[in-house]
Amino acid sequence: MMGELNPFEIAQRQLDEAAAVLGLDPGIHALLREPMRELHVTLPVRMDDGSVQVFKGFRVQYNDARGPVKGGLRFHPDETIDTIRALAAWMTWKTAVVDIPLGGGKGGVVCNPKEMSQGELERLSRAYIRQVGRILGPDRDVPAPDVYTNPQIMAWMMDEFSAMQGHGEPGVITGKPLALGGSAGRMDATARGGMYCLREAAKVLGMDLKGATTAIQGYGNAGYYAQLLGEELLGLQVVCVSDSRGAIHCEDGLECEEVKAQKDKSGTCVGLADTETISNEELLELDVDVLIPAALENVITAENADRIKAKIVVELANGPTTPEADKILHEKGVYVIPDFLCNAGGVVVSYFEGVQNAYNYYWDLEEVHDKLDKKMTAAFHVVHETAQAKGVHKRLAAYLVAVARVAEAVKLRGWV
Ligand code: NAD
């Protein structure tokens, strides 16, 4: 069913389900089904060979009732406006569920950064800001890195925006390098936020996480830090991890630094000594206590949901579980920590970066961790209690919390 819909139709369908349970005012529902503002731009860029290539770019400001828009910028050859619209809607719910005073947005450029030189990428980044900068700013819309964009690209964009304003404006963008006003603790923030949620889920389930067997799908930023922090903060025993080439399994547990060294050396964790290689599909169905999808969307489906044995699913990836699978997992009693709650640690620390930029005063790592913990823990419990009170699965509960908050802001402003 997911395959027949484009991502924005899926996002609208999820909102419709929450609106029905909330009995949402039809005017507010209609407003929240659409982005409030979109800018489509055409970007001429001088390439290294002297030719000019013309790129398409977008910025979607989905809803800013709760505060300035926040959301990443993607550089991807298959980018479409409907993907950006869906991601902008999800950012609106993500900032609302963790209760930070921001709206939701997303942007992108249709390009293939793997085929571009650093100089070409810099000129494209600056061209994007020259066009889209007119709707950005710390009080309007603050982008951040996303697929195939990184701190260096954020640095060029911040510099171009500052040049347009005639003064430094670090708060126009987050995910900057530390030397240009980035925040301590941004690197592992997504996984850390997910581990705080897992800790709270174990508390409500009365489950001891010390030695809890764990499988992690994907070993990039989210997956690697999930193993590192899961062991350090919670005492998890990670027995299986994977990447696009396959999964490695060892009943006695995998050493995080050994896996990382293997992946850095050969580009994949597959082949690590004393491990058995299994498939990514088999990883999902292992008899473990905790399953952490941290790679792709739509991996837990109506086809395999019944065979998931984990007690808790920690969704660090965006969209790993289909709506049909959600219902099956709920009926089986699997505790799913839904993506836009579970992986919100990154945007929370991005928000902290903006606050520090506004004050021009920077917090130490301990302060960032402490504030992130408070935000994630509070958000987890509001969603958990809503799920209990309404008898719904956790994703729908997260939607109910987020949509109600955005709807309240819309109503108080008198928009509807
Ligand atoms: P990344 O690019 O650093 O890592 C992705 C990992 O997934 C890599 O190890 C890759 O080998 C693996 N992978 C790719 N195809 C796979 C396949 N078919 N099967 C198994 N593994 C596969 O990406 P990331 O930043 O870690 O993001 C991972 C997920 O987490 C995405 O869904 C992303 O949207 C989500 N997320 C990340 C952040 C963040 O701050 N990094 C924030 C929110 C959400």
Side-chain angles (χ1 to χ4, degrees), residues 1-2 4-22 24-40 58-74 76 79-108 135 140-144 146-147 297-298 315 317-323 326 338-344 346-348 350-351 379 383 394-411 413 415-416:
M1 190 151 192
M2 295 282 283
E4 295 165 16
L5 295 170
N6 79 33
F8 186 47
E9 285 169 333
I10 293 171
Q12 287 182 317
R13 204 176 78 174
Q14 291 166 333
L15 170 69
D16 295 345
E17 197 184 347
V21 178
L22 287 169
L24 198 65
D25 174 286
I28 296 180
H29 183 191
L31 176 69
L32 297 185
R33 287 189 102 247
E34 301 294 335
M36 293 198 72
R37 227 170 282 113
E38 284 184 10
L39 186 58
H40 294 224
F58 315 104
R59 184 71 186 168
V60 174
Q61 298 180 337
Y62 197 83
N63 189 289
D64 57 5
R66 287 175 45 87
V69 170
K70 183 97 196 85
L73 275 179
R74 302 155 64 110
H76 198 280
E79 205 58 84
T80 68
I81 186 62
D82 275 330
T83 311
I84 300 288
R85 285 177 182 140
L87 290 161
W90 289 324
M91 281 306 298
T92 307
W93 316 135
K94 193 185 286 201
T95 53
V97 84
V98 288
D99 202 13
I100 53 179
L102 299 172
K106 207 82 179 185
I135 63 165
R140 297 165 143 195
D141 181 350
V142 182
D146 206 287
V147 175
E297 58 282 355
N298 298 347
E315 291 188 344
N318 277 314
T321 308
T322 66
D326 256 335
D339 53 2
F340 72 85
L341 165 66
C342 190
N343 67 30
V347 75
V348 171
S350 269
Y351 160 61
V383 171
K394 308 294 181 298
R395 191 176 327 277
L396 181 51
Y399 263 95
L400 297 180
V401 171
V403 172
R405 285 180 178 160
V406 178
E408 184 189 8
V410 165
K411 199 160 183 55
R413 282 175 180 273
W415 287 352
V416 175

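Count residues from 1 along the sequence. Because only heavy atoms are used, hydrogens play no part in the values below, and waters and symmetry mates are left out as well, while side chains stay in. The structure presented is a predicted model; accordingly, all values stated were derived computationally and were not measured.
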- Determine, step by step, whether L341 and E315 satisfy the side-chain contact (heavy atoms from CB on, under 4.5 Å) criterion, reporting the C-alpha distance in whole Å, the side-chain angles of both residues, the deciding distance to 0.1 Å, and the verdict. CA-CA 9 Å; L341 165 66; E315 291 188 344; over 6 Å; no
- Considering only heavy atoms from C-beta outward, does the side chain of P7 approach that of E297 to under 4.5 Å? no
- Point-to-point distance, once rounded to the nearest 0.5 Å, from CG of D146 to CD1 of I84: 8.0 Å
- Message: Does this structure show an ion pair linking R85 with D82, if we count only N-O contacts that are shorter than 4.0 Å?
- Response: yes
- Message: Holding to side-chain hydrogen bond (donor to acceptor under 3.5 Å, both in side chains), I want the full list of residues that pass it with R405, two or more places apart in sequence or in another chain.
- Response: none
- Message: Under the rule for side chain to side chain contact (heavy atoms under 4.5 Å, CB included), what residues qualify as partners of N318, not counting sequence neighbours?
- Response: K94, D339, N343
- Task: List for me each residue that meets salt bridge (charged side-chain N to carboxylate O under 4.0 Å, His left out) alongside E17, sequence neighbours excluded, and say none if there are none.
- Result: none
- Message: Is the shortest side-chain heavy-atom distance between R37 and I135 below 4.5 Å?
- Response: no
- Going by an N to O cut-off under 4.0 Å, is there a salt bridge joining D64 and R140? no
- Given side chains that start at C-beta, do those of R33 and F8 come closer than 4.5 Å, heavy atoms only? no
- State, with a plain yes or no, whether a side-chain heavy atom of W93 is found less than 4.5 Å away from one of L15. yes
- Taking the side chain as every heavy atom from C-beta outward, state whether T83 and H76 have any pair of such atoms under 4.5 Å apart. no
- Using the side-chain contact (heavy atoms from CB on, under 4.5 Å) rule, take V410 and N63 through it: C-alpha gap first, then chi angles, then the decisive distance, then the call. CA-CA 9 Å; V410 165; N63 189 289; 4.2 Å; yes
